[in-house]
Amino acid sequence: MNRCRKCQAPATVFLARHKVSLCAEHFLEYVRKTVKKTIKKYRMINPYEKIAVAVSGGKDSAVLLHIIDAIYGETLELVGLHVDLGINAQDYSRKSLERARNLCQKLNREFVVVDLKKEYQISMDLVKEKEDRLNRPYCAVCGTFKRYLLNRSSLNLGCEKLATGHLLDDEVSVLLMNIINGNIDQLVRAGPRLEGNNSTMITRIKPLYEVSELETTLYTQIKGFGFQDEECPYAVGASTIIYKNLFHNIEENYPGTTIKFLQNYHKVLLQPLKTSYQIAQPITLNRCSKCDGPTTEEICAFCNIRYLLTTKE
Ligand code: Q46
Ligand code: ZN
Ligand code: ZN
């Protein structure tokens, strides 16, 4: 029988990338320590800050809120921020909202909902209905909605940072997609801390940057907390899923490859890339002429999409 490397109790988990067996308690400690190390390394959180945590109702953001709450307790003001995307199929949005609310209630943290339909008269259901007008993947549109609303709401709530549940698997998938598509602009700005500007753009942090999807799954199983585990009805065919599966296959054969890819990107490739392309400076942001939000154009992506969805013809 495998024994926990730390306490010799029967092991529950084998971490292939570290070749280490751990009992349930020491596995939870390992994940928390990984997050703590990331937060420290990238100077993500200062004492007594007010931080918005994006809670989708899914497992990754549940783990994120649990861990930040466990590490910092009352020394941080945390607000769970949920975007209701208006997905009626399979009752998806209602179930997600319920999960997110329960999580915040359990942890005794403030919970705020931004309702896309009530506040902006648009929804992901409307995106599906009018997909010919937009002609872009659902998840790309949804990503624009979420980024816009989370940014705006966390600033309105007076938060200093916005924490999101992006994981190792998300980051490497986006990195590989950007390499393949030659998106240099995105590549030089990849990272777990994206600086804001104190007025229109909040600083975004990703404390789960070095935690894998498998690890968050095990974390939720051990802790036994509920989350929305049904797949989003609009996720079908999303390219990120295909890239994630690619990394899962590589990881099965060569454990540790995923984290190596991410760490080496930062250690070896990022700096030369920034230097040779000389585009490391922050982009100049204008204010959107419709909503006053941040944009590099005259009208921001959110207002553009909203216009396409709500005009008569
Ligand atoms: S909610 Fe939105 Fe996700 Fe659904 S449409 Fe895609 S991005 S899959 S995390
Ligand atoms: Zn142990
Ligand atoms: Zn706008």
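Computed from a prediction, not measured in an experiment: that's the story for all the values here. Whatever order the structure lists them in is the order used to number ligands and atoms, beginning at 1.
The nearest protein atom to atom 9 (S) of ligand 1, hydrogens excluded, is given as K146 NZ, 3.5 Å; this is a heavy-atom distance. Of all protein heavy atoms, the one closest to atom 2 (Fe) of ligand 1 is C142 SG, 2.2 Å. Shortest contact from atom 6 (Fe) of ligand 1 to any protein heavy atom: C139 SG, 2.2 Å. Regarding atom 4 (Fe) of ligand 1, its nearest protein heavy-atom neighbour is C232 SG, 2.3 Å.
Under the 3.5 Å distance criterion, with hydrogens and angles disregarded, a donor-acceptor pair is assigned to the side chains of E49 and N46. With hydrogens and angles left out, the side-chain atoms of Y219 and R32 include a donor and acceptor closer than 3.5 Å. Side chains of D60 and H166: a donor-acceptor N/O pair is absent below 3.5 angstrom, by distance only.
Looking at heavy atoms from C-beta onward, L162 lies out of side-chain contact with I51 at the 4.5 angstrom threshold.
If you number the atoms of ligand 1 from 1 as listed, the ones under 4.0 Å from a heavy atom of A235 come out as 8 (S).
No heavy atom of E231 sits closer than 4.0 Å to any atom of ligand 1.
Nearest approach of K59 to T217, heavy atoms of both residues: CE-OG1, 3.3 Å.
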